[in-house]
Amino acid sequence: MLRTHTCGDLRLTDKGTTVTLCGWVDSYRDHGGGLFVDLRDRYGITQVVFNPPDTPQDIIDASKDLRAEYVIQVTGKVEPRPEGMANRKHASGEIELRVTELKLLNKSKAPPVSPSESITEIPNEDLRLKHRFLDLRRPVMQRAMILRDKITKGMRDYFADLNFIDVETPILGRSTPEGARDYLVPSRVHHGKFYALPQSPQLYKQILMIAGYDRYVQVARCFRDEDLRADRQPEFTQLDLEMAFIDDDDIMTLIDGLVVKLAKDLLDIDVPTPLPRMTYDEAMRRFGHDAPDLRYGLEIVDLTDLAPQSDFGVFKSVTDAGGHVRAICVPGGANHYSRRGIDALTEFVKGLGAKGLAYFRVNEEGVLDSNIAKFFSEELRAEMGTRLDAKPGDLVLFSADKWLGTCKVLHGLRKKIGEEMKLYDPKAMNFSWVVQFPMFERTEDADNPQAIGKWSAMHHPFTAPLDDSVDHLDDDPAKCRAKAYDLIINGYEAGGGTIRIHDPEVQSKVFGLLGIDKETAQDRFGFLLEALAYGAPPHGGIALGLDRMVMLFGGFDNIRDVIAFPKTQKATDLMTEAPGLVDAKQLKELAIKTDL
RNA sequence: GGCGCCGUAGCUCAAUUGGUUAGAGUACUGGACUGUCGAUCCAGUGGUUGCGGGUUCGAGUCCCGUCGGCGUCGCCA
């Protein structure tokens, strides 16, 4: 060992002891006669002092050459700092190391990305990603990685205590055309054939249930070749689990327990259980989204029935066409959003597909007023005000469109205004479930005109219907609700799962609705269908998005900050420059010709 | 693929309506300084304004294209 302690260890109680520290020069302060260095490692910062008479002159002279990020080993005596010189910013701030020996372990070029927390300016993200070794040296990033480790370990411990066993599943698998685009790996042995990287271990974990491993868990890497977002990476990590002989309530109760433990251990928050559960239909009705942020209100109010009483052409034509008129009432919004502010909101909703933004301000007398007020009788405005619980100074924003259109616009407004008006405590954590998702949705895929209007699975084709929904498979698939549940944290989908179909008859009906004929089913999932025929227990599970949970628990606003080596929005790695070209020889072995 | 924001010194940023030699802080280099902790003080080095084209007497600034980063819609069972 090159050191006796870390830079976060030493306290007043260590005074008088001789210790050796190693670390990076976080900063240095040269006073001519002597010099101070803040020495950093991942445990903290300790001030090391090169001053006479404790430090020999030749060591002081050598210390003059130290620069940011040089790696040094120093030996000396731990001493309390002089009266009034303690630095409360650091845990070891009451002591300092009086250096008697210095060894330069390595030099550093002047860092383009400063790891020092004393530099408050954070470099552009492309620089951080290119020099990730420096970026990851920043204490905030080290805290993120440590938090990630704690969450992962907390999860593993929790499930291990409950008799779950960790089973690894393949990375090289088989492509299934449903769902996200696959990352493909060409086979050298079988020219023209490809492995696919797993989008999730879904099918394998069902096989494990059938194989009798009734409690499976895995920290699983997953891959989806789709476009990126602030909360989406092409490769990400799921805490994946599956159980046999359980129902949906068991999975949710299990995860409630995990959430309580993690919130208590990591954030010292007491989360009451059971976590609230809201159906998908209610979430869409009240918040316009299947992952509502429940840290603030701004609930949607449906005014479709009142709209025809107005003379406002936009509302009337929408309701005549079977659409909806819905609104949110923003408390204090009339003062927060000026004319120009509302123009900005209008531009914003146009980006979401709205044609415009109808609004009312609520004036001093509590009356709804705006440029469209003339189309609404006094009585009608009063009635709308009552429904909306509108108070003087509020702002009422409308969306008139098809149901999903109003959901999208009002959810967008709600989210934007919640942020802009700071309607919630950024440190607050809100956990809930959204349950009873529709089994099927109508395809609106413009790339594939033949598929438009056909049913597709909202989760995957093995999702079980609610017990009282089974009959709707025959008469009205749109009414069919699934044993599906999403864990929602602060408006993010932090995890999701389902109970799986284990009844061959139900499975075949679902395949039928999805237009998957026997041959296709056999070709794509033959192994699973075969396995299901050999005594499959009732089973189901869930997958938690580990990266997102770390992001939310750590208060980060993007997922890259909790992944050591993330990809850019164009799915490249700026440090390694992946993806890269390969040799012609490699392509030839794989029988691949590129067409650029 | 669409929309939007951004790209100026190693780094973070500024530069009036398109107008003189593109500035500041920091880093770096040299010097001063015995208790600092974003040390301080003095001096200095450092620029193809991402790249290419265009408009103009004149472009960091306006236009077109392109590359890169970010956000978002589509997409993500």
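Quick note on labels: first sequence line is chain A, next is B, and so on, each numbered from 1. FYI, side chains are in, hydrogens and waters are out, and symmetry mates aren't considered; it's all heavy atoms of this structure.
- Using a 4.0 Å heavy-atom cutoff across all strands shown, A/Thr55 reaches no nucleic acid atom at all.
- Salt-bridge annotation for A/Asp231 and A/Arg548: present, with a side-chain N of the basic residue lying under 4.0 Å from a carboxylate O of the acidic one.
- The CD atom of A/Glu577 sits 12 Å away from the C1' atom of B/G68 (whole-angstrom rounding).
- When all heavy atoms are compared, the tightest approach of A/Leu39 to A/Val25 is CD1-N, 4.2 Å.
- Counting only heavy atoms from C-beta on, A/Leu352 has its side chain closest to B/C73 among B/C37, B/C76, B/C73.
- Nearest nucleotide to the A/Lys570 side chain, out of B/U12, B/G69, B/U36: B/G69.
- Heavy atoms of A/Pro123 sit under 4.0 angstrom from primed sugar atoms or phosphate atoms, though from no base atom.
- Per the geometry, CZ belonging to A/Arg232 stands 7 Å off C1' belonging to B/C75, to the nearest Å.
- Taking side-chain N and O atoms only, A/Lys408 has a distance below 4.0 Å to OP1 or OP2 of B/G74.
- Atom NZ of A/Lys89 and atom P of B/U36 are 14 Å apart (whole Å).
- B/U20 and B/A59 have their P atoms separated by 12 Å, given to the nearest Å.
- Applying the 4.0 Å criterion to OP1 and OP2 of B/G71, one finds that A/Arg560 has a side-chain N or O inside that range.
- Side-chain atoms of A/Asp126 lie closest to B/G69 of the nucleotides B/C37, B/G69, B/C28.
- Remark: B/G18 base-pairs with no nucleotide; criterion is Watson-Crick or G-U wobble with both hydrogen-bond distances under 3.5 Å.
- Put simply, the side chain of A/Glu121 and the base of B/U26 share no donor and acceptor less than 3.5 Å apart.
- Contact annotation: A/Thr572 side-chain N/O to B/G68 OP1/OP2 distance is not under 4.0 Å.
- Counting non-hydrogen atoms of other residues, nucleotides and ligands closer than 6.0 Å to CD of A/Glu94 gives a total of 12 or fewer.
- In summary, A/Glu96 and A/Arg98 engage in a salt bridge, as defined by a charged side-chain N under 4.0 Å from a carboxylate O.
- Look at the C1' atom in both B/C51 and B/G60: the space between them is 14 Å, to the nearest Å.
- Between A/Phe565 and A/Leu136, the closest side-chain pair of non-hydrogen atoms falls below 4.5 Å.
- B/G7 and B/C67 make up a base pair, with Watson-Crick or G-U wobble contacts both under 3.5 Å.
- With P as the reference atom, B/G2 and B/U21 are 40 Å apart, rounded to whole Å.
- Under the Watson-Crick and G-U wobble criteria, each requiring two contacts below 3.5 Å, nucleotide B/G30 is paired to B/C42.
- Remark: C1' of B/C41 and NE2 of A/His31 are 12 Å apart, rounded to the nearest angstrom.
- Contact of A/Arg229 with B/C70 (side chain to base): no donor-acceptor pair of N or O atoms is detected under 3.5 Å.
- Contact annotation: A/Ser114 side-chain N/O to B/C11 OP1/OP2 distance is not under 4.0 Å.
- Look at A/Arg29 and you won't find any side-chain N or O under 4.0 angstrom from OP1 or OP2 of B/U36.
- Where A/Ser27 and A/Arg98 each meet RNA chain B at their nearest nucleotide, the meeting point lying more 5' is that of A/Arg98.
- Comparing the C1' positions of B/G7 and B/G47 gives a spacing of 15 Å, expressed to the nearest Å.
- Look at CZ on A/Phe36: it is 13 Å from P on B/G38, rounded to the nearest Å.
- A/Leu345 is listed as a side-chain neighbour of A/Leu397, based on a closest heavy-atom distance under 4.5 Å.
- In this structure, A/Ser200 reaches the bases: a heavy-atom distance under 4.0 Å links it to at least one base atom across the strands shown.
- In this pair, A/His460 and A/Phe462 present their aromatic rings tilted. The plane angle is within the 30 to 60° band.
- Between A/His289 atom NE2 and B/C73 atom C1' the separation is 13 Å, expressed in whole Å.
- Between B/U49 and B/A9, the distance separating the two C1' atoms is 10 Å to the nearest Å.
- A/Gln569 comes within 4.0 angstrom of a base, heavy atoms only.
- Side-chain contact between A/Phe50 and A/His31 is absent, with no heavy atoms from C-beta onward closer than 4.5 Å.
- Of the candidates B/G38, B/G71, B/C37, B/G38 carries the atom nearest the A/Ser118 side chain, counting heavy atoms from C-beta on.
- For the pair A/Ile122 CD1 and B/C13 C1', the computed distance is 15 Å after rounding to whole Å.
- Nearest to the side chain of A/Ala180, among B/C76, B/C37, B/G35, sits B/C76.
- Rounded to whole Å, atom C1' of B/C37 lies 15 Å from atom CD of A/Glu94.
- For A/Asp227, the listed nucleotide lying nearest its side chain is B/G74; candidates were B/G35, B/G69, B/G74.
- Between B/C33 and B/C41, the two C1' atoms lie 8 Å apart (nearest whole Å).
- When both pairing distances are held under 3.5 Å, B/A24 makes a Watson-Crick or G-U pair with B/U12.
- As rounded to the nearest Å, B/U61 and B/U56 have P atoms that lie 16 Å from one another.
- Put simply, A/Tyr28 has a side-chain N or O that comes within less than 4.0 Å of OP1 or OP2 on B/C28.
- Not one side-chain nitrogen or oxygen of A/Asn558 sits closer than 4.0 Å to the OP1 or OP2 atom of B/G71.
- Relative orientation of the A/Tyr183 and A/Phe223 rings is perpendicular, given thresholds of 30° and 60° on the angle between their planes.
- Residue-to-nucleotide contacts include no donor-acceptor pair under 3.5 Å from the side chain of A/Asp38 to the base of B/C37.
- Counting non-hydrogen atoms under 4.0 angstrom, A/Asp30 reaches a base of the nucleic acid.
- Nucleotides B/G31 and B/U45, compared at atom C1', are 15 Å apart to the nearest Å.
- If you check every strand for non-hydrogen atoms under 4.0 Å, A/Leu127 touches sugar and phosphate atoms only.
- Residue A/Pro111 is the one, among A/Pro111 and A/Asp231, whose nearest nucleotide of RNA chain B lies closer to the 5' end (criterion: closest heavy atom).
- A/Met85 comes within 4.0 angstrom of a nucleotide base, judged by non-hydrogen atoms across all strands.
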